[in-house]
Every structure is written in structure tokens, then in C-alpha cells.
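Let me begin by presenting the structure, written as C-alpha cells, before commenting on it.
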Amino acid sequence: MFSSSQFDANNAFSGGGFMPSQQSQPADYQSSSSARSRDLQGLVPVTVKMISEASHSGDDKSNFMINGLEVNNVTLVGLVFEKEERASDVNFILDDGTGRMQCKRWASEVFDTKEMEAIKDGMYVRLVGHLKSFQGKKQLIAFSVRPLKNFDEVTCHYIECIAFHLRNSDSQVQGVSTQPQMVDSSLNTSARTGSNGYQAASLNHLASQFGVDGLKDCDQLILDYLQQPSSSERERGVHISELSQALKIPEKKITDSIASLENEGLVYSTIDEFHYKFARG
Amino acid sequence: MDTSNPAVFVNGELLHMHVGRRVRAVIQVIQSDNVGVTGKSTDGLQVVVKGILPSFALTNFVEVIGISDGDRSIRAEMWNNFGNTFDTDNYNQLCKLANGEFKHLFI
């Protein structure tokens, strides 16, 4: 069903046993894409200000979007205040100079309790944690809270926040919505080339967001467009000229791509040879 | 979550842009007495810090968080020792970025 150029086994099977397929229903696709994007994003350097502006992604209220990307695990540098130790957890406020945020560290292991004992009010720390929403408020569940030893790390952290923002705001400028692109990476082999080492994940994700110029081919853009609810709900499907206008690709190229997609059984024509719909499994 | 009272990264030059607001600056201590602390900002300007004075011995580089009192003057609320070595050039560039193109990530 997948041609060799479109199918990337490494990527498709990386999600812990569930292979996200194109034929899955929108609900499945949401959850599989969020699982993958968690892998892709890794640890994201942020400021409290960036978190305060993060929005919930989709129906799943536990995920947040920063710069149009789903973000789960974050790292911050800031000062600890109002530390309060309880039997089961330690609560404190992290002030990173851009804002103050409620944090919690579960005291489940001796290691957690020990690490938190060393943290005092007014101390500069590097925090790694999970961004959560609790009773409508954003909260950080910390995995690691360590005192800073070298204060160049303060400067470095904020530079990393800027770098994260820069990397991802570039792709937003392209004006393509994020949701369908989450699916693309499993199909897009070309996006994987040229990425390596530490930045592999983010580069890969970034590459998959950069439209047309060879990184993501025309076929995939068409599939994305046809899978959007606004397209799939229409009984007649989508006219080739609409695809051409929306994707800013010449009609000739759209027609060629549609022909190959139709051969592969991914799309089908509806009322005439100009209207097409995405073929659900 | 509260982002209403941020402390903006500043160097000596940027202090006057935030008069009356909370700022944070790293200074290299030149002189410290019971009146205040005089130091050099990361862009090499002399800055006077008054207000709450530190209750501990200062290292060569300190971060002061307080209210900008105008040109080259800060009313301190809090002090943090940043050690005896610190890359002031990097910090100075960060101050510029945090007040310029990427201001929205900070304030």
C-alpha cells in the first residue's frame, strides 16, 4: 500500500507498537500524533512567560502548544520561593524573572526528598518537569530540581529559549497548520535526511513543517488538505483548482500527483474527474 | 501563575528604559560599603545600587534584582552571588535580545 519512497519503517514503528496509518479515524490520529510529537519535542527550554501564553492542544487538555508545537517536558532556570514540604510532596514557586509559577515535586522516592531538602528559598535552580493543567491552572510537576553552580547557565538557558522560539517560529511563518503535519513525518523520508545527533528530533520535525521545496512533496500536501475536516466533510470532495489555489501549486502538478495518489488508492474521484476525496480505510 | 511583575534583564544602557519597574542586572562589584554597592554593568558602565543591602559577602559578580531608579541606579530588593567568573559579554547580548526582538518571550 505504501510505496517505498513514502514509507519510513523507522519512523512509523517508533511509537511503541502502534503504527499510525493514514486510514485511521481522526480521533486515533490525534492520539498517535501526540504520542509521537512528545518523542520529537524532547525537553524544551522555556520561560514562565512562554508557558503563560501556551494554549491547550486539541481536545486533550493535558497537552500544551508553544510556538505551534506540542510541549510536555520543559526546563526552566529560576529562583525558588515559598517552599512548603508536606508528607507526600513539596510545593514551591519558581520565579524566573519573566513570571512566577506554581511547582510540585512528588516525594515518592528517598531520592526526591533528599534532592528537595537541599533546595532553599531564594536559591537559583535548574528545573526539569512536566507541564500540566490542574483545576484549570497551569502547573509544573518537577522531576529534577538542582541548585545552579555556574551562573553562566542562567544566560545560556535564556539563549536556548530564544533559539527554540526561533527554530519553530520560522516554520509558523510558512502559514501551514500544525495538525496534519504531525502525521506527515511517518511518511516523509526526505525530511529525515541530513538530521543527526543532538538536534535530530527537532530538525526532523522542523523539516517536515517546511513545505514544498523538496522536503515535503506535493502528494503529501494534497493528502493533508483532503484529510482536513473542512474537506472530508464535503460530499463532493475538493476540486483540483481549489487544491491548486490553497496549496499554491500549479494545477498541472496537482493533476499529476492526484493521478499517482489515485493509482495507489489513497484518493478517489467523486462527481467528475476534477473532484477528489481522501480514501478512508 | 503570575507574569504581572517581571524583572527585565538590563545592562547599564537599558536601565533608563525601565524606570520604576523591576529589573535584574549582573554587576561586577567595584566597591561595597554600608551606603550601597558600586559596580560595573555588563556593558561597562558604572552603576550604583542602594536599597536593601546584601546580608552576605559578595562575590566578584553579583546579580541584583530591584527597581530601576533612573540612569545608572537601582534600588535593590534582592542579591544573588554569581561567583568570581562570569561571561559578561554573553549576558550583555542577552540583555539586548530580551529588550529587543525577543521581548515578548520575557515581558
Side-chain angles (χ1 to χ4, degrees), chain A residues 44-54 64 66-67 76-82 93-103 120-125 131-140 147-166 168-169, chain B residues 1-11 14 18 21-28 42-43 52 54-56 58-68 76-107:
Chain A
V44 175
V46 290
T47 63
V48 172
K49 177 80 194 298
M50 288 161 82
I51 294 176
S52 77
E53 288 171 354
F64 292 90
I66 296 180
N67 284 139
L76 293 103
V77 167
L79 290 155
V80 169
F81 292 104
E82 299 174 31
I93 302 269
L94 187 83
D95 183 339
D96 78 340
T98 72
R100 293 164 78 92
M101 178 155 197
Q102 189 67 48
C103 304
K120 308 269 183 267
D121 281 357
M123 202 178 246
Y124 251 108
V125 296
L131 193 52
K132 265 191 81 165
S133 183
F134 181 66
Q135 293 176 344
K137 284 184 180 168
K138 287 170 193 157
Q139 193 185 42
L140 273 170
L148 282 197
K149 297 223 167 63
N150 181 336
F151 289 87
D152 283 319
E153 199 172 336
V154 175
T155 319
C156 177
H157 169 71
Y158 292 99
I159 298 291
E160 283 178 338
C161 292
I162 293 175
F164 169 76
H165 172 76
L166 263 181
N168 298 302
S169 56
Chain B
M1 182 176 306
D2 176 13
T3 53
S4 60
N5 194 21
V8 194
F9 281 106
V10 290
N11 56 22
L14 291 159
H18 301 283
R21 287 203 287 256
R22 259 177 103 215
V23 292
R24 51 174 160 170
V26 171
I27 58 168
Q28 184 169 13
T42 50
D43 55 345
I52 299 169
S55 54
F56 45 83
L58 296 179
T59 54
N60 193 5
F61 293 95
V62 291
E63 181 195 51
V64 53
I65 300 177
I67 308 293
S68 168
E77 290 174 351
M78 197 179 168
W79 298 83
N80 294 301
N81 272 337
F82 266 28
N84 291 323
T85 55
F86 184 73
D87 193 324
T88 52
D89 284 342
N90 279 348
Y91 191 88
N92 197 43
Q93 290 302 323
L94 174 63
C95 291
K96 291 181 192 167
L97 292 171
N99 282 274
E101 201 181 335
F102 302 102
K103 198 173 175 176
H104 60 287
L105 302 181
F106 296 86
I107 48 174

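Chain A is the first sequence line, chain B the second, and so forth, proteins listed ahead of strands; every chain is numbered from 1. Owing to the predicted nature of the structure, the values given are computational and were not obtained by experimental measurement.
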Working for side chain to side chain contact (heavy atoms under 4.5 Å, CB included), residues A/Leu131 and A/Leu140 = CA-CA 5 Å; A/Leu131 193 52; A/Leu140 273 170; 4.0 Å; yes
Walk me through it: do B/Phe86 and A/Phe151 pass the test ring-ring contact (aromatic ring centres under 6.0 Å, His included)?
-> CA-CA 7 Å; B/Phe86 184 73; A/Phe151 289 87; 8.0 Å; no
Should B/Asn92 and B/Asn11 be marked as a side chain to side chain donor-acceptor pair (under 3.5 Å) after you check the CA-CA gap, both sets of side-chain angles, and the distance that decides it?
-> CA-CA 6 Å; B/Asn92 197 43; B/Asn11 56 22; 2.8 Å; yes
Would you sort out whether A/Tyr124 and A/Glu153 count as a side chain to side chain contact (heavy atoms under 4.5 Å, CB included), showing the intermediate values?
-> CA-CA 10 Å; A/Tyr124 251 108; A/Glu153 199 172 336; over 6 Å; no
Should A/Val80 and A/Asp121 be marked as a side chain to side chain contact (heavy atoms under 4.5 Å, CB included) after you check the CA-CA gap, both sets of side-chain angles, and the distance that decides it?
-> CA-CA 5 Å; A/Val80 169; A/Asp121 281 357; 4.2 Å; yes
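If you take OG1 on B/Thr42 and CG on B/Leu94, they are separated by 9.0 Å, rounding to the nearest 0.5 Å.
For a residue to count as touching a neighbouring chain, one of its non-hydrogen atoms must lie under 4.5 Å from one of that chain's; by this rule A/Leu148 does not touch chain B. Looking at B/Asn80, only its side chain comes within 4.5 Å of chain A, counting heavy atoms on both sides. Of the two parts of A/Asp95, only the side chain, counted from C-beta on, holds a non-hydrogen atom closer than 4.5 Å to a non-hydrogen atom of chain B.
Counting heavy-atom pairs closer than 4.5 Å to chain B, the top-ranked of the candidates A/Val46, A/Asn150, A/Val154, A/Asp96 is A/Asp96. Per-residue counts of heavy-atom pairs under 4.5 Å with chain B were compared for A/Lys49, A/Lys137, A/Glu53; the largest is that of A/Lys49. Each of A/Leu79, A/Leu94, A/Ile51 has some count of heavy-atom pairs under 4.5 Å with chain B, and the biggest count is that of A/Leu79. Looking only at heavy-atom pairs under 4.5 Å with chain B, the residue among A/Met123, A/Gln139, A/Met101, A/Arg100 that has the most is A/Arg100. Contact count against chain B (heavy-atom pairs under 4.5 Å) is highest for A/Gly97 among A/Gly99, A/Cys161, A/Gly97. Here B/Met78 is the residue among B/Met78, B/Arg22, B/Gln93 with the most heavy-atom pairs under 4.5 Å with chain A. Interface check for chain A: of the options B/Val26, B/Val23, B/Asn81, B/Asn5, the most heavy-atom pairs under 4.5 Å are formed by B/Asn81.
The shortest distance between side-chain heavy atoms of B/Asn90 and A/Ile159 does not fall below 4.5 Å. At a threshold of 4.5 Å between non-hydrogen side-chain atoms, the residues A/Val48 and B/Thr3 count as touching. For the pair B/Asp2/A/Ile93, no side-chain contact is recorded, criterion being any heavy-atom separation below 4.5 Å from C-beta on. Considering only heavy atoms from C-beta on, A/Gln102 stays 4.5 Å or farther from A/Phe134 through its side chain.
Of all residues spanning residues 58-68 of chain B, those with a heavy atom less than 4.5 Å away from chain A's heavy atoms are B/Glu63, B/Ile65, arranged by number.
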Indicate every side-chain donor-acceptor pair of residues 99-107 of chain B with a distance under 3.5 Å to a residue at least two apart or in another chain.
{"unit_1": "B/Asn99", "atom_1": "OD1", "unit_2": "B/His18", "atom_2": "NE2", "d": "2.7"}
{"unit_1": "B/Asn99", "atom_1": "ND2", "unit_2": "B/Phe9", "atom_2": "O", "d": "2.7"}
{"unit_1": "B/Asn99", "atom_1": "ND2", "unit_2": "B/Cys95", "atom_2": "O", "d": "2.8"}
{"unit_1": "B/His104", "atom_1": "NE2", "unit_2": "A/His165", "atom_2": "NE2", "d": "3.3"}

